[in-house]
Visitor: 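This is the structure I have questions about; it appears just below.
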Amino acid sequence: MAYFKRHIDDRLREWKTSTQRKPLLIRGARQVGKSTAVRELGKTFKYFLEINLEKQPDFRKQFPENIDVKRTCENLSGTTGIPIIPGETLLFIDEIQTCKEAIMSLRYFKEDYPELHVIAAGSLLEFVLEELPSFGVGRIRSIYMYPFSFDEFLMAQGLDLTVSFKKKAHAEQPLPELAHKELVSQLRSFYLVGGLPAAVSEWIETRSYIEVSHIHNDIIDTYNDDFSKYKQRFSPILLRQVLRSVALQAGKKFVFSEVSNDIKSTVIREALHLLTLAGLIIPVIHSNANGLPLGAEEDRRYIKYLFFDTGVMQTLLGMSAGDILTSTEVELVNKGGMSEMFAGLELIKYQDCFIKPEIYYWQNTNKNSQAEVDYVLAHRGIVFPIEIKSSRQGSMQSLWIFMRQHNLHEAMRCSLEPFGEFVYYDSKDNDSQRHVEIIPLYAISNIHLSAGEFCRQPCV
């Protein structure tokens, strides 16, 4: 399978040349491309040594509790025949979650062998790290990886110039209509293909949504196999049931009773926690959002969940390509919370990849109120609301209520409209002027370009 450039490549190369380098731990769901990205970086070294502690369990013996990392490297080098030379060799420890001692050893690479480049990764890594809360504070650097962003999906098809052209667009300089329509068409495809590398590769090779769905089913089977690994802790059947319910409730506050009336909420809550650790779902937490940081006013009684990949979700729910390809633009935005989920995933993918992602929304918790803002961000040092809407005519009463209550004058709407903006004079607030920027859904990556502290560079 050909390697498609990822934004994380730039971060890995920066890590390689940093004088403050620490052992790097790549974290993310299974099959998002962690190992492949490290192997690509390995091509820039004279020597590359990869050990897989799941496929090569004998190597686990090289990571005793009282480890001498230099001795371990001598043993690894002698066993594999690959030199381990500081500055010339990249040591990659894959599937490190199978050996807690190997995880703990990473801190000693920083302390006793800091000149050596060391990267580790693993599937279901978060389950082990949860049991090792202080495994390497200050001595290990984590980096978070996700499926392809929409920009990466375009670049994988050789559309780098289209991405650059899109990033230059804004309200005063919108895209030509033909380019806008082409990007909407590409977005439809991305909803169906999703961002897992195997699915993207299959799409580029065959242009067949049916073949892509077969890849998705293979991936779903892999995750189902993973669930059996949790069996001592939890029922695999229940995990699958809760995962499907998350997909069905996309874009809505998660309601436990919609999973089953016969299962206790505490059991469902534990299943949600496990699925979050596996990277298959991402919580979007309600915040009162009266100021920064947003997490200071979070309320976990109100949570929505993002399914980690649009393509896998479509296949899991049995939705056909025709459902997406033949829908109107209004239907596409409103269909099953898909666009709200896509937008949330894109926002996460463009956060700082060295920080564990957090994402929030707002809803009016007063009885008989339906007001809700899809996402609130820390943007340019202020609270910044984002609404996902179908068209310019779509009602935005919730957004106005939120801005009025929080005394905000800037907001954003993401839709399938072209780039634009409009000004609203709030008659309920002494005609205060409120400015809303319109960003097409396919251009969410543009937000980070002027976002200062919101996002340094995309990292997916």
Side-chain angles (χ1 to χ4, degrees), residues 8-28 34-35 37-145 277 352-356 456 459:
I8 200 173
D9 295 341
D10 294 334
R11 305 287 79 74
L12 293 177
R13 284 192 292 269
E14 289 176 2
W15 170 83
K16 175 185 176 181
T17 59
S18 172
T19 58
Q20 304 298 319
R21 183 180 59 253
K22 301 175 183 177
L24 194 64
L25 189 61
I26 304 182
R27 302 162 70 167
K34 300 185 293 297
S35 300
V38 177
R39 293 178 191 129
E40 188 68 14
L41 178 69
K43 296 177 182 178
T44 68
F45 286 80
K46 185 175 182 179
Y47 304 108
F48 175 60
L49 174 54
E50 175 180 349
I51 60 172
N52 187 306
L53 297 183
E54 184 173 66
K55 295 180 180 178
Q56 301 165 296
D58 287 345
F59 278 122
R60 300 176 197 171
K61 300 174 184 177
Q62 299 301 326
F63 298 92
E65 185 173 345
N66 298 315
I67 190 172
D68 178 337
V69 292
K70 291 187 178 181
R71 171 63 67 180
T72 290
C73 286
E74 288 178 8
N75 294 340
L76 292 175
S77 180
T79 302
T80 62
I82 299 174
I84 296 181
I85 303 172
E88 297 184 9
T89 304
L90 173 60
L91 173 60
F92 177 37
I93 309 170
D94 203 5
E95 302 298 350
I96 196 172
Q97 82 285 347
T98 61
C99 180
K100 291 182 181 179
E101 291 77 14
I103 297 174
M104 297 298 292
S105 76
L106 293 177
R107 62 180 294 177
Y108 297 110
F109 279 98
K110 171 60 179 175
E111 294 174 356
D112 302 331
Y113 211 179
E115 61 270 31
L116 182 67
H117 291 79
V118 181
I119 297 180
S123 305
L124 308 179
L125 183 58
E126 304 300 321
F127 288 87
V128 181
L129 296 181
E130 189 179 43
E131 300 172 0
L132 303 171
S134 59
F135 69 97
V137 176
R139 299 175 182 86
I140 300 171
R141 193 85 186 269
S142 289
I143 187 170
Y144 296 86
M145 192 171 182
L277 288 178
D352 186 340
C353 57
F354 291 108
I355 299 175
K356 191 170 185 178
R456 179 173 171 269
C459 199

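Values reported hereafter were calculated over all heavy atoms of this structure, with side chains retained and with hydrogens, waters and symmetry mates removed.
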Visitor: Roughly how far apart are Ile67 CD1 and Ser105 OG, rounded to 0.5 Å?
Guide: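 Going from the CD1 atom of Ile67 to the OG atom of Ser105 covers 4.5 Å.
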Visitor: Short question: side chain of Lys34, backbone of Gly28 - any donor-acceptor pair under 3.5 Å?
Guide: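 Answer holds: yes.
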Visitor: Can you list the residues that meet the ring pair (Phe, Tyr, Trp, His ring centres under 6.0 Å) rule with Phe45, with sequence neighbours excluded?
Guide: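 Partners of Phe45 under the ring pair (Phe, Tyr, Trp, His ring centres under 6.0 Å) test: His117.
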Visitor: When you compare the side chain of Leu24 with that of Arg141, does any pair of heavy atoms fall below 4.5 Å?
Guide: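 A side-chain contact under 4.5 Å exists here.
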Visitor: Which pair of non-hydrogen atoms, one from Ile8 and one from Ala37, has the smallest distance, and what is that distance?
Guide: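 What the structure gives for the nearest pair is CG2-CB, 4.2 Å.
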Visitor: Is the closest side-chain heavy-atom distance between Cys353 and Arg11 below 4.5 Å?
Guide: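 With C-beta onward as the side chain, the pair touches.
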Visitor: Measure across Ile84 and Tyr113 and return the closest heavy-atom pair with its distance rounded to 0.1 Å.
Guide: O-OH, 4.2 Å
Visitor: To the nearest 0.5 Å, tell me how far Gln56 CD sits from Asp94 CG.
Guide: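 It is 9.5 Å, given to the nearest 0.5 Å.
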Visitor: What pairs with Phe127 under ring pair (Phe, Tyr, Trp, His ring centres under 6.0 Å), at least two apart in sequence or on another chain?
Guide: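 If we apply the ring pair (Phe, Tyr, Trp, His ring centres under 6.0 Å) test to Phe127, skipping adjacent residues, the hits are Tyr230.
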Visitor: Is there side-chain contact between Thr98 and Arg60, with at least one heavy-atom pair below 4.5 Å?
Guide: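 Yes; the side chains approach each other to less than 4.5 Å.
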Visitor: Which heavy atom of Ala120 sits nearest to which heavy atom of Phe92, and what is that distance?
Guide: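 Smallest heavy-atom distance, with atoms named: C-CE1, 4.3 Å.
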Visitor: Would Met104 and Glu65 count as a side chain to side chain contact (heavy atoms under 4.5 Å, CB included) if you check the C-alpha gap in whole Å, the side-chain angles of each, and the deciding distance to 0.1 Å?
Guide: CA-CA 8 Å; Met104 297 298 292; Glu65 185 173 345; over 6 Å; no
Visitor: When you measure from the side chain of Thr89 to the backbone N and O of Pro86, does any donor-acceptor pair fall under 3.5 Å?
Guide: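 Checked: no pair found.
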Visitor: At what distance, to the nearest 0.5 angstrom, does CG of Asp58 lie from CD1 of Ile51?
Guide: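 Result: 11.5 Å between the selected atoms.
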Visitor: Can you list every pair that meets salt bridge (charged side-chain N to carboxylate O under 4.0 Å, His left out) and has a residue in residues 114-126, with sequence neighbours left out?
Guide: Arg27-Glu126
Visitor: Enumerate the residue pairs fulfilling salt bridge (charged side-chain N to carboxylate O under 4.0 Å, His left out) with a member in residues 39-53, sequence neighbours excluded, ordered by first and then second residue.
Guide: Arg39-Glu50, Glu40-Lys43
Visitor: Can you list every pair that meets ring-ring contact (aromatic ring centres under 6.0 Å, His included) and has a residue in residues 46-87, with sequence neighbours left out?
Guide: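 ring-ring contact (aromatic ring centres under 6.0 Å, His included) check on residues 46-87 returns no pairs.
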Visitor: Can you sort out the partners of Lys16 under side chain to side chain donor-acceptor pair (under 3.5 Å), two or more places apart, ordered by chain and number?
Guide: Thr44
Visitor: If only atom types and distance count, is the side chain of Glu95 paired as donor or acceptor with the main-chain N or O of Ser123 below 3.5 Å?
Guide: yes
Visitor: Identify, with sequence neighbours excluded, every residue that meets side-chain contact (heavy atoms from CB on, under 4.5 Å) alongside Glu111.
Guide: Arg107, Tyr108, Arg139
Visitor: What pairs meet the side-chain hydrogen bond (donor to acceptor under 3.5 Å, both in side chains) rule with one or both residues in residues 66-80, with sequence neighbours excluded?
Guide: Gln62-Asn75, Arg71-Glu74
Visitor: Answer yes or no: is there a side-chain heavy-atom contact under 4.5 Å between Ile140 and Ile103?
Guide: no
Visitor: Calculate, to the nearest 0.5 Å, the distance between atoms CD1 and CG belonging to Ile93 and Leu49 respectively.
Guide: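 Between Ile93 CD1 and Leu49 CG, I get 9.0 Å after rounding to 0.5 Å.
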Visitor: Could I get the full list of side chain to side chain donor-acceptor pair (under 3.5 Å) partners for Lys100, not counting sequence neighbours?
Guide: Glu131
Visitor: Are any of the side-chain heavy atoms of Ile143 and Trp15 separated by less than 4.5 Å?
Guide: no
Visitor: Hey, are the side chains of Val69 and Leu116 touching, using non-hydrogen atoms and a 4.5 Å cut-off?
Guide: no
Visitor: So do Val38 and Leu90 actually touch side chain to side chain, heavy atoms under 4.5 Å?
Guide: yes
Visitor: Spell out, as yes or no, whether a donor-acceptor pair under 3.5 Å connects the side chain of Lys22 to the backbone of Gly138.
Guide: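 Yes: the side chain of Lys22 pairs with the backbone of Gly138.
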Visitor: Just verifying a value: how many Å separate Leu91 CG and Ile82 CD1, rounded to the nearest 0.5 Å?
Guide: 10.0 Å
